Amino acid sequence: MSNYHIKHLEEYFQVYRKSVDNPESFWEEIAEEHFMWRKKWNSVLNWDFTKPAVSWFEGAQLNITENCIDRHLHTRGDKTAILFEPNDPKEEATHISYKELYKRVNKFANVLKAQGISKGDRVCIYLPMIPELAIALLACARIGAIHSVVFAGFSATALATRINDSDCKMVITSDGSYRGAKTIDLKSIVDEGLENCSCVKTVLVAKRINSSINMKEGRDHWLQPLLDDASAECAPEIMNAEDPLFILYTSGSTGMPKGMVHTTGGYMVYTAYTFKNVFQYKEDDVYWCTADIGWITGHSYIVYGPLANGATTVMSEGVPNYPDWGRFWEIVEKHKITQFYTAPTAIRALAKENLSYVETYDLSSLKVLGTVGEPINEEAWHWYNDNIGKKKSPIVDTWWQTETGGIMITPIPFSTPTKPTYATLPFIGIQPALMDENGQEIQGNQVDGRLCIKFPWPSMARTIWGNHQRYKETYFSAFENMYFTGDGALRDEVGYYRITGRVDDVIIVSGHNLGTAPIEDAINEHPAVAESAIVGFPHDIKGNALYGYVILKETGESRDPNNVRKEINQIITEHIGPIAKLDKIQFTSGLPKTRSGKIMRRILRKIASNETENLGDTSTLLNPDVVQEIMDNVL
């Protein structure tokens, strides 16, 4: 049992060594002792990174919802499983017990079946952060349908792309959503997206804002009446450990978003085990992750990881600044939150406000603080440590990805000494490597390189939906027999890791991974635009913001540059969503290119960041003069 709950540093090193020396027996023990299986596995692990092919607990059978719900009914039936905190503090919070969750998931699962959804079908979920979102995931998993959650801030075009890529038969949405003082008309976004989706037969609509919406005859159904009529008993579909559980899209550095496929058994084991240890969860704790379930953080650490441990997990619908900047801390006091997991962007925004917003509330219940989405900068780390944790609640600066399924490098609270800006040590079973440009592993400490993982872990994505070749090229071709994360990292003198950022054309803005290519494609659709290049530049709240260099076509009519800027951001909003809008747009006559026509983004990044002392040798460029022109007109 000791391996399941690590309590001090020496124990971490012992368990880590065991997990690396004999991974199969280590994960077998964890899986056997802490989960419910319908049939045991024939083999713990088979893998070959050259294909790449990985399978964990092959031959085992289970249903993840039995592990997240049914097995807790006798011991924790009346305990709150999901605590829903609405956008408006005047609306009461909802406590959904494990017994109640069991009924609601079963009813929803029966509705899905009655609407023709069966094992292996894909269901797109486009919902705000309301209980129906978590329940919809679990209902899909109950019957073996594959859920594909699309963050409800994406545009109709982005939604349609994801629905078509995975050939979803159904969309689950709501009439609208609340976001601070605003309401958002989600249903009309879905209607617009579905004009280009012939695969969708059914749309289920939850009521949230009670707006009048168009319901398409034969396709659209209000969810609640169907739930009211459904039975509260639904036998779980027995799944193989390697059956897909969900698809979740992540931005690629080029073109189409990538539908990462996560399977059932290994994902369950790893998310549950990381949740227990990274947050040091104990029976009566109240855990709150502020992420949206539309991202992997919400899947792994709002829904599956916490519920597999029988935890109380908080789902909050609102935003940090509504009705004022004290909203997070009001929730912490009200529900006596013990673990609080949020993004550096939110911390930086909160840190800019008056401390009275924090000091008004009693935060003494907090035991562990966490950050996710991007590396946390030192200033934000200290503000969080001093004012929220009062220097007694360790900060777990967690590094992981949509592709990894679970936390990979992190401190373990009360065990690992923390160090600002460092994700510290690899989690149990994770074998990182730093690689140089020549594909050689860099040994020793005080080094930096490209971060790879050299051995499989249970929750890793198995493929990209419908495109295994792209999966291989993206993650397994840069370095032989290694998973390449796309991130750079450095290792300090004691072996702690610090993530230094993406090494490809992905920019992390407010914790969202945004590929530059899809944004450039959208901009280039503007009739006045000839070409564009996007780079990131430092931003004190978002971490990075987007800077666009745009070449306009030689048009006869004169255009107001400010109007063109507005129109460009409008196109980006329509194609991708408001999260991808550009903070700065500079018009230029050309872009610095190599003789083979490749845009030198490194130079553009330095100019946008005001780091022009050392641009390197620009004389070999096709058009070296353009660099000076861009520098003279930088915004």
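All figures in this text were calculated on a predicted structure; none of them were measured in a lab. Positions are given from 1 along the sequence.
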Could you please spell out the steps behind the salt bridge (Lys or Arg N to Asp or Glu O under 4.0 Å) verdict for K419 and D397? CA-CA 9 Å; K419 180 176 178 180; D397 172 358; over 6 Å; no
Polar contact flag, side-chain donor to acceptor under 3.5 angstrom, T297-Y341: no
Looking at F537, does the NZ or CZ of R605 lie under 6.0 angstrom from its six-membered ring centre and within 45 degrees of the ring axis? no
Ionic contact status for K258 with E473, cut-off 4.0 Å: no
More than 12 heavy atoms from other groups under 6.0 Å of CD on E629: yes
Residues which pass side chain to side chain donor-acceptor pair (under 3.5 Å) with Q401, listed by chain and number, not counting sequence neighbours: Y483
Evaluate the salt bridge (Lys or Arg N to Asp or Glu O under 4.0 Å) criterion for residues D487 and R502: first the C-alpha distance (whole Å), next the side-chain angles of each, then the deciding distance (0.1 Å), finally the verdict. CA-CA 4 Å; D487 282 327; R502 302 295 299 174; 3.4 Å; yes
Please determine if R162 and D165 form a salt bridge, counting it only when a charged side-chain N lies under 4.0 Å from a carboxylate O. no
So, the side chain of R348 versus the backbone of I541: is there a donor-acceptor pair under 3.5 Å, distance only? yes
One thing to verify: whether R450 and D436 come together as a salt bridge, which I'm taking to mean a side-chain N less than 4.0 angstrom from a carboxylate O. no
Side chains of N46 and W56 only: does a donor on one sit below 3.5 Å from an acceptor on the other? no
Please answer whether the main-chain N or O of K276 pairs with a side-chain N or O of H5 as donor and acceptor at a distance below 3.5 Å. no
Do we see a donor-acceptor contact under 3.5 Å between the side chains of H468 and T463? yes
Counting only heavy atoms not in E441 (residues, nucleotides, ligands), do more than 12 fall under 6.0 Å from its CD? yes
Compare all side-chain heavy atoms of F279 with those of V396 and state whether any distance is below 4.5 angstrom. yes
salt_bridge(E403, R462) N-O dist < 4.0 Å: no
